[in-house]
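A note on names: the letters A, B, ... follow the listed sequences, proteins ahead of strands, and every chain is numbered from 1. If you're wondering where the values come from, they're calculated on a predicted model, not measured in any experiment.
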Number of protein chains: 2
Amino acid sequence: MVERSDPKDRLFRLFALLRLIPREPGRISTPELYDKLKAQGFDMTRRTLQRDLNVKLSAEFPLLSHEEGNTNYWSFSKHAPHWDFPSPDLPVALAFLLAESHLEKLLPQGLLQLLEPYFEQARAQLEIQQHMPPARWAKRVRALPNGKTLLPAKVDSAIWTTVSTALLKGHSLRVTYLSRSKQQPSEMTLHPAGLVARHSQSYLLARVEGYNDVRQFALHRIQQATALEAPAEIPDDFDIDHYLQGSLNNPAPAEMVELVADVSPQIAWLLRETPLSTEQSLEPLEGTDWHRLRAMVPDDKETLWWVFGLGENVRVWEPNVWVKIIKEKIAKLEKLYV
Amino acid sequence: MVERSDPKDRLFRLFALLRLIPREPGRISTPELYDKLKAQGFDMTRRTLQRDLNVKLSAEFPLLSHEEGNTNYWSFSKHAPHWDFPSPDLPVALAFLLAESHLEKLLPQGLLQLLEPYFEQARAQLEIQQHMPPARWAKRVRALPNGKTLLPAKVDSAIWTTVSTALLKGHSLRVTYLSRSKQQPSEMTLHPAGLVARHSQSYLLARVEGYNDVRQFALHRIQQATALEAPAEIPDDFDIDHYLQGSLNNPAPAEMVELVADVSPQIAWLLRETPLSTEQSLEPLEGTDWHRLRAMVPDDKETLWWVFGLGENVRVWEPNVWVKIIKEKIAKLEKLYV
DNA sequence: CCTCATGCGACACCAACTGACGCATCCCCA
DNA sequence: TGGGGATGCGTCAGTTGGTGTCGCATGAGG
């Protein structure tokens with residue numbers, strides 16, 4: 001990303017400058033900006049930089065300057081429109097909006113908020129580029145939620161910001177956490193080691209101060225978070241994939257099993273268009289219009305639920321454990337519904 | 001989106017200029033650019049514009065100029081990095097990457113490709129902003145697929161581009177389509193009326209030339225597409241929501257029913273964190289640790305499947321139809337698994 | 001073949017960008 | 001409490017470089 005830019009070029013310097021300024025909760029001081037620009041090979045006086053900020057940019061862009069003592073801090077207004085180029089064309093903008101409606105069901109609210117400027121821009125592009133007044137995209141495009149998905153847990157956008165920054169910068173973290181077992185929230189210091197998004201929930205992997213093992217903390221149960229100065233100390237041998245494999249709470253997600261089952265024609269059609277996995281085979285069964293399905297799938301509860309949900313449209317043969325579980329389920333269900 | 005910009009300001013003019021230039025498959029001529037800038041209130045000579053493009057911009061940005069006859073056409077190189085500001089900070093960049101890993105399971109390949117520059121930029125930001133060499137995000141963040149999701153059907157990115165543009169601009173379309181019932185692909189002219197994304201598949205709603213009714217066409221079964229000049233002629237009274245309600249293939253997605261059921265403690269916990277719907281209540285049942293669930297859910301097959309998949313952890317009471325279906329399912333399953 | 005539109009080199013003018021200097025303010029540390 | 005250092009900003013002079021004008025070459029269309 002080292003830009004070529006003759007050090008002399010003014011225009012380019014302003015571009016680089018704008019890119020260094022963060023959005024509102026964040027801010028950056030003039031001297032800091034100066035150093036970073038210098039580091040990128042731009043050569044100018046401090047005075048010039050000050051002038052750029054004061055005169056040129058804040059006149060044209062929604063920049064906020066916050067004076068603190070002697071130094072000026074700069075940030076983009078929270079509602080500053082998003083500028084980018086190449087700007088999204090129609091197909092890209094539409095892709096964004098479809099993505100948004102899917103993500104609503106997957107990402108916690110706070111996270112989605114952070115992406116909002118992008119969706120906003122996509123909407124704006126569609127409005128602009130469409131010369132025909134009647135042909136409004138809103139009237140023509142729908143994304144239907146997948147019925148079965150649950151709504152994601154709510155995560156405060158500020159908490160996400162603090163936590164993810166601490167994780168990536170390697171800082172430790174002071175949090176107020178409502179653990180699943182306890183009723184009362186408790187305060188503790190965490191040393192973040194990783195982040196896992198799973199089932200519309202996100203978990204922070206971290207070591208609690210005073211303990212040695214890494215545990216997981218649901219983001220939506222963190223009620224307060226403050227970044228600390230102290231660097232995060234995590235076990236040297238920590239490896240996220242290894243942890244995920246071995247963690248008990250997270251039933252080994254990476255483990256795959258071969259699913260062998262007979263499926264009804266409708267399900268066969270469904271699976272042919274949207275396969276269960278990249279390696280999947282469907283072969284017609286003799287003497288019937290059913291198909292024999294083989295696919296590698298994760299050996300977890302969700303997949304089993306999904307298969308079981310198909311009910312009488314699927315007859316599972318492998319793995320054996322599943323067959324057993326299903327039979328038990330049927331027996332229990334019978335009792336339940338008398 | 002009318003920019004304030006004193007007509008005189010150069011910096012702002014260049015921004016506006018850059019935003020007008022499309023990415024590679026698209027292109028725009030100098031005179032066209034001139035008109036658009038004029039329309040936005042920028043005042044300058046043609047000569048100035050030419051200089052901007054030739055001298056300033058193409059020196060600093062990966063711009064392609066294509067001379068055709070007398071006129072110059074401009075576009076961004078296909079691999080031009082994405083510029084934007086405020087540029088994504090750490091939390092936003094991370095949000096993008098989580099979004100990506102989720103979308104991989106939901107959006108057709110071709111669509112995702114269009115968003116690639118954004119993800120790319122997010123990755124770049126993470127690399128840059130992270131001073132600590134060992135703390136690479138890739139080692140610390142994982143998104144685990146939801147076991148139950150199916151893989152999206154493949155849609156060619158060029159086809160998506162053509163189809164979505166035609167839809168939004170109101171052009172008709174010549175396609176080669178492999179229909180579900182026929183073995184051989186056939187060619188036809190479509191008049192696009194809408195687009196529906198559902199269950200990791202996307203459908204174009206369109207009228208076939210020579211017929212009067214609007215039907216749906218799975219994007220991944222369109223093998224070829226060319227935009228035509230002729231405007232799309234769709235029935236005046238076409239209304240996408242109405243269509244979706246009435247369409248037989250798409251069992252009325254908007255219809256909601258109240259689900260009443262008893263759920264086991266584990267499921268209660270799950271639902272408390274990731275609710276089934278925004279309005280949902282969970283009340284403890286006397287004499288047991290189960291809970292009574294009430295929620296408004298879509299009355300479709302997927303939701304029913306999902307509920308049924310929970311098996312003996314749920315006892316459904318309402319809607320009555322579901323109870324009836326579940327009982328039948330149990331009976332059929334019993335036969336299947338002897 | 002004529003006309004019109006576009007691109008571009010050259011030139012001259014002037015706006016504005018830049019560095020230098022100096023002063024006021026504030027922080028921090030002794 | 002006082003002094004050193006850093007930051008912000010007003011001012012000024014020099015010069016860079018952005019701008020319009022003009023003219024010519026080239027290619028498209030009638």
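- Comment: A:Glu116 engages A:Arg123 in a salt bridge, judged by a side-chain N to carboxylate O separation of less than 4.0 angstrom.
- Remark: side-chain polar atoms of A:Arg23 are paired, donor with acceptor, to backbone N or O of A:Ala80 under 3.5 angstrom.
- Residues passing the ring pair (Phe, Tyr, Trp, His ring centres under 6.0 Å) test with A:Phe76, sequence neighbours excluded: none.
- Looking only at distances, a side-chain donor or acceptor of A:Ser87 sits under 3.5 Å from a matching main-chain atom of B:Arg19.
- OP1 or OP2 of C:dT18 has at least one side-chain nitrogen or oxygen of A:Arg13 nearer than 4.0 Å.
- Remark: A:Arg13 fails to qualify as a cation-pi partner of A:Phe42 under the 6.0 Å distance and 45° angle criteria applied to the six-membered ring.
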Quick one: what's the B/S/- string for nucleotides 6-12 of chain C, heavy-atom cutoff under 4.0 Å, read 5' to 3'? BBBBB--
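- In this structure, CE of A:Met44 is placed 18 Å from C1' of C:dA16, rounded to the nearest angstrom.
- When the options A:Phe96, A:Phe61, A:Tyr118 are evaluated for a ring pair (Phe, Tyr, Trp, His ring centres under 6.0 Å) with A:His82, the one that passes is A:Tyr118.
- Residue A:Asp35 contributes atom CG, which lies 12 Å from atom C1' of D:dA6 at whole-angstrom precision.
- Checking A:Gln223 against A:Thr176 by side-chain atom types alone, no donor-acceptor pair falls below 3.5 Å.
- Listed by first residue number, the stems of DNA chain C with at least three Watson-Crick or G-U pairs below 3.5 Å are C:1-30 with D:1-30.
- Ring geometry, B:Trp83 versus A:Phe85: the interplanar angle falls under 30°, so the pair is classed parallel (tilted spans 30 to 60°).
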